[in-house]
Amino acid sequence: MGTSECFAPRVIGEVATYGGIPLYSDYENARLLIYWGRQPAFSAAPLLRKIFDVRDRGGKIIVIDPLQFHLGARADQFIFIEPGTDLALALAMLTVIVEDDLWDHEFVNQHTNDPGLRQLRQHLNGGNRDGVTYSPQWAEKITGIPAEVIRNLAREYATTAGACIIVGHGIEGKINVTQTARAIALLRVVTGHIDQKGCDVLVDGSPNFNPKFFFNHLIQPDYVEPDELRLFGHSTTFTPDGCTYPLLFMMQGVHATPDMLRDLRNNTIKATFIQGGNPLRMLANSEGVRQAFLNAELNVVCELYHTETTAVSDIVLPTTSYLERTDPEWFKYDYALPIVNLRRKLIQIGECKCEGEILIELAQKLGLQEYFPSTDISYYIDELFAREKFSYKDLEESENGIPFGSIMFNKLVVGLGSEICRGER
């Protein structure tokens with residue numbers, strides 16, 4: 001399956017807007033946190049302390065969601081939104097900020113391709129394919145949010161020094177995901193709430209990986225190793241023939257989901273191997289997806305639980321919980337300090353194996369021992385981080401992880417940039 005689920009469409013929208021994704025939100029200096037389609041009580045429970053510390057310092061927590069529970073029930077303000085209408089809300093907020101002259105003139109004029117916001121203003125005021133002005137009154141009919149609430153939300157975000165918008169999977173799995181992400185990214189840009197203290201900050205998505213780990217040199221004989229190879233780096237070099245969604249590729253080319261379903265139906269793809277996903281539940285038109293998978297000659301799923309997808313699979317390989325595996329970890333959305341930690345295996349239940357072990361043993365059975373010479377996961381961790389000059393042993397001996405970068409504020413302002421190194425935090 002391709003990378004069109006989870007938050008990949010959001011990554012595309014943000015990368016297209018400002019060349020990266022703000023993985024780090026500066027809770028320590030924030031005065032306003034807007035949780036938009038995100039439930040940290042489920043996805044990042046250890047951060048709840050930092051979230052409520054913001055309020056204890058006099059800040060405010062706003063939650064935008066169709067369901068009021070957990071953080072939404074404890075927030076200073078909860079804003080109910082009709083599911084799938086987030087783009088309308090973002091556009092209306094942009095309209096208020098632009099028309100009320102609340103945008104950051106210096107930042108926009110010096111660091112964007114639309115000084116004065118002439119193009120954006122035209123788009124918001126009817127120069128769009130809808131031919132409408134994206135006003136709060138227009139958005140109220142779509143989102144169910146009163147126009148005055150939208151107006152006040154936009155003004156509060158624009159005028160609060162130190163404001164974060166933390167988005168989540170709630171805006172995904174619906175139509176217009178990438179455009180929604182772009183509109184929310186523009187909210188950060190027009191207010192200057194990007195790379196500033198108390199705001200959302202662009203950071204590297206991963207360490208600098210060893211290109212040989214991904215076998216790019218085998219796929220393309222004349223492949224030239226890039227100086228930087230990090231998570232969310234975009235490349236169409238390995239785009240498979242017949243793919244019609246090249247923007248959905250990240251790092252290595254993978255088959256985008258719409259193309260994959262098409263090729264299952266016409267029998268171009270004869271077998272599937274699924275890890276960490278339940279496409280029969282995740283994707284729209286579930287019956288159509290089910291029929292596409294039933295058309296395959298072989299479906300294999302690595303899963304911890306029985307799901308709709310395991311029900312149509314020929315082979316189910318039991319995989320591990322997080323307590324039964326050893327993995328490097330570096331990526332967390334909304335508080336991604338540039339540091340690699342080692343998650344250590346604590347228990348073993350039955351015969352289950354982690355996905356990495358399954359893939360290694362499968363490759364060896366297929367006669368690929370030359371490229372998969374060991375069953376020891378530490379060997380592959382060493383290979384992955386070869387460019388970073390640290391090893392599995394280094395990670396194992398480190399209590400607080402190993403840094404691969406810094407949090408840098410004001411990156412666009414020459415001479416004013418400041419950084420926070422993980423070791424000093």
Side-chain angles (χ1 to χ4, degrees), residues 5 7 9-10 13-14 32-43 51 55 60-100 102-103 120-121 123-160 163-188 190-191 193 200 281-286 334:
E5 282 70 56
F7 76 134
R10 178 165 24 119
E14 297 196 51
L32 174 64
L33 301 178
I34 300 176
Y35 275 84
W36 196 331
R38 186 170 181 83
Q39 183 47 263
F42 293 159
S43 60
I51 293 168
R55 183 160 64 189
K60 184 175 180 180
I61 302 168
I62 297 175
V63 172
I64 304 169
D65 204 282
L67 298 173
Q68 186 175 9
F69 66 120
H70 291 285
L71 185 61
R74 298 282 304 279
D76 299 288
Q77 182 181 7
F78 176 80
I79 299 175
F80 169 83
I81 186 171
E82 291 288 347
T85 64
D86 308 275
L87 177 56
L89 173 58
L91 289 170
M93 290 176 64
L94 282 167
T95 299
V96 172
I97 292 168
V98 173
E99 293 308 309
D100 288 4
L102 301 176
W103 53 282
L120 180 59
R121 191 187 305 272
H123 179 78
L124 296 172
N125 287 284
N128 49 69
R129 66 181 183 181
D130 299 319
V132 300
T133 297
Y134 295 136
S135 66
Q137 291 78 11
W138 165 83
E140 178 178 351
K141 299 175 183 177
I142 299 171
T143 65
I145 304 172
E148 192 60 23
V149 173
I150 296 174
R151 191 172 288 108
N152 290 338
L153 175 64
R155 290 170 176 167
E156 187 167 15
Y157 176 67
T159 59
T160 301
C164 300
I165 297 179
I166 300 110
V167 292
H169 196 62
I171 71 167
E172 295 150 3
K174 304 176 182 70
I175 62 171
N176 298 322
V177 183
T178 298
Q179 297 301 340
T180 301
R182 289 183 66 198
I184 294 174
L186 285 174
L187 284 170
R188 296 187 181 107
V190 300
T191 57
H193 290 334
D200 303 308
R281 169 60 69 87
M282 294 160 53
L283 303 180
N285 184 17
S286 56
D334 78 357

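This structure is a prediction, so every number in the text was calculated from the model and none was measured.
Under the 4.5 Å side-chain criterion, counting only non-hydrogen atoms from C-beta, Arg10 is not in contact with Ile184. Under the 4.5 Å side-chain criterion, counting only non-hydrogen atoms from C-beta, Ile142 is not in contact with Glu82.
For the atom pair Ile81 CD1 and Leu89 CG, the distance stands at 4.5 Å (nearest 0.5 Å). Distance check, rounded to the nearest 0.5 Å: CD1 of Ile150 to OG1 of Thr143 gives 4.0 Å. Once rounded to the nearest 0.5 Å, the distance linking CG of Leu32 with CD of Gln77 reads 9.5 Å. In this structure, Ile34 CD1 and Ile64 CD1 are separated by 6.0 Å, a value rounded to the nearest 0.5 Å. A distance of 4.0 Å separates OG1 of Thr191 from OH of Tyr157, quoted to the nearest 0.5 Å. Taken from CZ in Arg121 to CH2 in Trp103, the straight-line distance is 6.5 Å, to the nearest 0.5 Å.
Side chain of Asp76 to main chain of Ile61: a donor-acceptor pair is present (N/O by atom type, distance under 3.5 Å, no hydrogens or angles). Looking only at distances, a side-chain donor or acceptor of Asp200 sits under 3.5 Å from a matching main-chain atom of Ile165.
Closest approach of Ala90 and Ala183 over heavy atoms only: CB-CB, 3.7 Å. Ala88 and Ala139 get closest at one heavy-atom pair: O-CB, 3.7 Å.
For the side-chain contact (heavy atoms from CB on, under 4.5 Å) criterion with Gln179, the lone passing option out of Leu91, Asp86, Leu87 is Leu87. Screening Leu102, Leu124, Leu186 against Ile97 for a side-chain contact (heavy atoms from CB on, under 4.5 Å) leaves a single residue, Leu102.
Within the structure, side-chain hydrogen bond (donor to acceptor under 3.5 Å, both in side chains) pairs that include any residue of residues 63-74 do not occur (at least two apart or interchain). Residue pairs meeting the ring-ring contact (aromatic ring centres under 6.0 Å, His included) criterion with at least one partner in residues 132-154, sequence neighbours excluded, are His123-Tyr134, Tyr134-Trp138. Under the salt bridge (Lys or Arg N to Asp or Glu O under 4.0 Å) criterion, the residue pairs touching residues 138-153 are Glu148-Arg151, with sequence neighbours excluded.
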Full working for side-chain contact (heavy atoms from CB on, under 4.5 Å) between Ile62 and Glu156: CA-CA 11 Å; Ile62 297 175; Glu156 187 167 15; 3.9 Å; yes
Audit row: Leu187, Trp36, side-chain contact (heavy atoms from CB on, under 4.5 Å) steps and yes/no: CA-CA 13 Å; Leu187 284 170; Trp36 196 331; 4.1 Å; yes
